[in-house]
Each structure stands twice: as structure tokens, then as C-alpha cells.
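Let me begin by presenting the structure, written as C-alpha cells, before commenting on it.
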Amino acid sequence: MKRTVFDEDHESFRSTLRDFLKAEVVPHYEQWYNDGLVPRDFYAKLGELGVFGIEVPEEYGGAGLDTFKYEAILAEETARAGVLLGGSGVHVLLCLPYIKMLATEEQKQRYLPKFVTGEEMWALAMTEPGTGSDLAGMKTSAKLSEDGTHYILNGAKTFITGGVHADKVIVCARTAPPSEENRRLGISLLVVDTKSDGYAVGRKLDKLGLKTSDTAELSFTDVRVPVEDLLGEEGKGFYYLGHNLPQERLGIALGAYAQAAAAINFTKEYVQQRVVFGQPVAAFQNTKFELAACKAKVDAAQAVVDRGIEALDAGELTPAEAASAKLFCTEVAADVIDRCLQLHGGYGFMNEYPIARLYADNRVNRIYGGTSEVMKSIISKDMGL
């Protein structure tokens, strides 16, 4: 079935992006993978390509397109090429919605032009050591200074993607203690300049997968944040986080689908070239049946994400629908990539092959953005259970 979610403009962008990845990323990716980091100046190239400004209004230097479809193409093409683009996904997928939704006109004028060019890279700091998915249990605090001009920020965050290269970080912090009736109250969002005194990047975390995506621990010791960098209203941070979770979870579903589709392509190419017992692995019935089963699952996942993309663009994607898409697509990807690795035999366990990296990269999809268990809880609650 022909996909109807993309038009000629989208496919033109896909072609341009594919050429860019081939020329600017693939030749260097092995070094980036070994370094565990994308070079900081690479983000300027993404800015020049226009990747960061697609959904930014024209008055701030962007293209002004209010659609998620270009983000979808970016996910599909990077997976197809077997690469990751560092913290760029967090920059656009996670941080931009908060800026667009919450920033004042003055803040947008300060933040967005450098956001678009990649001169300033952004990250989002929610998770803390010991809290995990329990965001209401966060301890990081931000108290107003005596003269009322700054918040004094103290605490620590972990698992912060883009944390090494970030210039600005949206930090979730308690500006008021939780009430006994509602632990979610009292959380605010602050835009923190990473050059501030007392701001520190701790360990660059050694992850199972996503090796080129810099993930770090952050700490704040009496960091002075101007009150002008409060994002949205004080105390409403938990509501804001919940508002943007459907898009984040659809993005994870989309990434998982794209990884699964890429796994099939990598495996199809491998089994056609690999000769065992005098014939290509592709000639065995088991190989054909396994890849056929994988293709059927990926087709279903594609339909789910395409429906989600259209719903998000129409402003109709519900939290339960996003949770369902994330749960389904991440489970499909886990199964498909595992089966594709099996068809590679021993070579599938070698990191020089894209399937091995996909296997490691894919595992976190069922954890971040809310675990599969959390997704099931959201879906069952929506069912009235």
C-alpha cells in the first residue's frame, strides 16, 4: 500500500537529507561511535541544512511549518543509514515544544534564533537519581533570592541526553514543596545557561546503546537563574510535562518503527550476500519466512505511526493513543530486530555490523519516555479498567 502521509515536498526533503547523511555523517560515523560523541560543530551543519528550524516560526529564523512529518522523515532516514545524530533529537523533539508553548515573546526572541542555527543546543533535565519515572518525587529545588531577581537552583539530574554539549537546559525543579494532597504541585521549568557558576556536567554515562548520543549527569550548586528565564507559570511544570508527553512518545514509537524497518533492509542485504552450505542464506525457507513475518509486523507498525502523525498534526493525538503506539511499535521493533540479528548468525553479535548496534540502541525504547508498564497503565485506565 502506498503511504499517503508524505507529499512531494516531504520526499524532496528526504532526498536532500539522505544525500547529507551519506556525505557528512556516514564517512565519519565510525570515529564518532568510538568517541561516544558527535562533534559539537556538526550541529552547525544541521542548522545550515534547516533541520532545527522547520517548526520554528519565520520571524525567529525558521520555516514556520507546523507539522511533525519532517521529524518523521529524519527518524526514518537516520535509521536507514544506521546512524544517530547526537542530542539533536532532544533539541527539537523534546525542547522546542516547550519553547513554542510557554516562552514569552521576549524569551522567543532570545532563544529561538540561536536554536535554529545550532549555535545554542538545548537539553531537557527531568530525571533524578533515585526517582526514575516518579517525577513528582524530584528533589532539585529552586528558591527565589532575597531580592526576587533570581532563582537559586540546587540538586542533580541524571540520564540527560545532550547534556554534554548543551548550552541551555530546561530544568525541572521544585519552587514550592509538594502538598500532601497533590505531590505534583510546586514544580517549575527553568531555562538554565550551562555557563552559569555552580553548573557542572558530571560523568558522560557509558550506555549499552545510543553510543553517539551524549548522555550525562548534571549538578547544580547555588546556580543563579534570572527570573526572566522561568518558562511558563511557576508551579505548573508537571502539567506542562504531561502536555508534551504524547508527542515525545509518538516520536519514540516512530523511531522504533524506523529501526525495525532498517533492520529488515540490513538483513535482506546480508542474507543475499552471505553463503552457507553452498548457497545464499536468503535461499533457505526459514530465512524467507522469518523476513516475511518481520515485514508484516513492520507494515502494521508503519500504519500505527502514520495514523499517529496525522493525529498529532491535527491536534487530536490523545495520551492513550500515544501510549498505545509506543507500546506496540517498541515491542514490534524488539522482536523484529532480534529475529534479524539471528539471521546474521555470529556476525550479528559484532558491532561492526549495523544490526548489532540497532539491537543495543533499540532496547531503551521500552524504558525512556515512560516504560512499557507505564504505557499499559495509561491504556488500561483509558479503557475504564
**Report entry** ILVMFWY cluster, Leu230 and Trp122 together (side-chain gap under 4.5 Å)
**Finding:** no
Report task. Please state whether the rings of Tyr270 and His344 are parallel, tilted or perpendicular, taking 30° and 60° as the class boundaries. Result -> parallel
**Report entry** Asp197 atom CG, over 12 foreign heavy atoms within 6.0 Å
**Finding:** no
Requested in this report: Evaluate side chain to side chain contact (heavy atoms under 4.5 Å, CB included) for Glu76 paired with Arg14, printing each intermediate quantity in order.
Outcome: CA-CA 9 Å; Glu76 292 178 356; Arg14 185 189 299 277; 3.0 Å; yes
Report summary line: Quick note, ring-ring contact (aromatic ring centres under 6.0 Å, His included) partners involving residues 357-385, not counting sequence neighbours, are none
Query raised in the report: In this structure, are over 12 heavy atoms from other groups packed under 6.0 Å from Tyr70 atom OH?
Result: yes
Query raised in the report: Would Tyr257 and Val304 count as a side chain to side chain contact (heavy atoms under 4.5 Å, CB included) if you check the C-alpha gap in whole Å, the side-chain angles of each, and the deciding distance to 0.1 Å?
Result: CA-CA 9 Å; Tyr257 147 71; Val304 168; over 6 Å; no
Query raised in the report: Is it true that the side chains of Thr175 and Tyr151 contain a donor and an acceptor less than 3.5 Å apart?
Result: no
Query - Audit row: Asn351, Tyr33, side chain to side chain contact (heavy atoms under 4.5 Å, CB included) steps and yes/no - result: CA-CA 10 Å; Asn351 276 330; Tyr33 183 86; 3.6 Å; yes
Query - Any side-chain donor near an acceptor of the partner, Asp35 and Gln31, under 3.5 Å - result: yes
Query - Joint hydrophobic cluster, Val51 plus Leu21, side-chain heavy atoms closer than 4.5 Å - result: yes
Report task. Please check if atom CD in Gln342 has more than 12 non-hydrogen atoms from other residues, nucleotides or ligands closer than 6.0 Å. Result -> no
Query raised in the report: Quick check: are there more than 12 heavy atoms from other residues, nucleotides or ligands sitting under 6.0 Å from CZ of Arg40?
Result: yes
Query raised in the report: For Gln285, does the CD atom have more than 12 heavy-atom neighbours from other residues, nucleotides or ligands under 6.0 Å away?
Result: no
Report summary line: Closest non-hydrogen contact found for Ala333 with Ala260 is CA-CB, 3.9 Å
Query raised in the report: Do the rings of Phe6 and His10 sit parallel, tilted or perpendicular, given the 30° and 60° boundaries?
Result: perpendicular
Report summary line: The residue among Leu124, Val192, Leu190 that forms side chain to side chain contact (heavy atoms under 4.5 Å, CB included) with Ile170 is Leu124
Query raised in the report: Between Tyr29 and Trp32, what is the ring plane arrangement, given parallel below 30°, perpendicular above 60°, and tilted in between?
Result: perpendicular
Query - Heavy-atom pair of closest approach, residues Gln107 and Glu228 - result: NE2-O, 2.8 Å
Query - Neighbour count above 12 (heavy atom, 6.0 Å) for His150 NE2 - result: yes
Requested in this report: Assess whether atom CG of Asp206 is packed by more than 12 heavy atoms of other residues, nucleotides or ligands within 6.0 Å.
Outcome: no
Report summary line: So the salt bridge (Lys or Arg N to Asp or Glu O under 4.0 Å) pairs with at least one residue in residues 138-162 (sequence neighbours excluded) are Glu128-Lys157
Query raised in the report: More than 12 foreign heavy atoms under 6.0 Å from CD of Gln279: is that the case here?
Result: yes
Query raised in the report: Can you hop from Leu49 to Val92 via hydrophobic side chains spaced under 4.5 Å?
Result: yes
Requested in this report: Answer yes or no: is there a donor N or O on one side and an acceptor on the other, between the side chain of Asp338 and the main chain of Ala334, under 3.5 Å?
Outcome: no
Query raised in the report: Nearest heavy-atom pair of Ala123 and Ala166: which atoms, and what distance?
Result: CB-CB, 3.9 Å
Requested in this report: Please report the C-alpha distance between Asn154 and Ser141 in whole Å, then the side-chain angles of each, then the deciding distance to 0.1 Å, and finally whether the side chain to side chain donor-acceptor pair (under 3.5 Å) criterion is met.
Outcome: CA-CA 5 Å; Asn154 286 280; Ser141 66; 5.0 Å; no
Query - Heavy-atom closest pair, residues Asp214 and Leu37 - result: CB-CD1, 3.2 Å
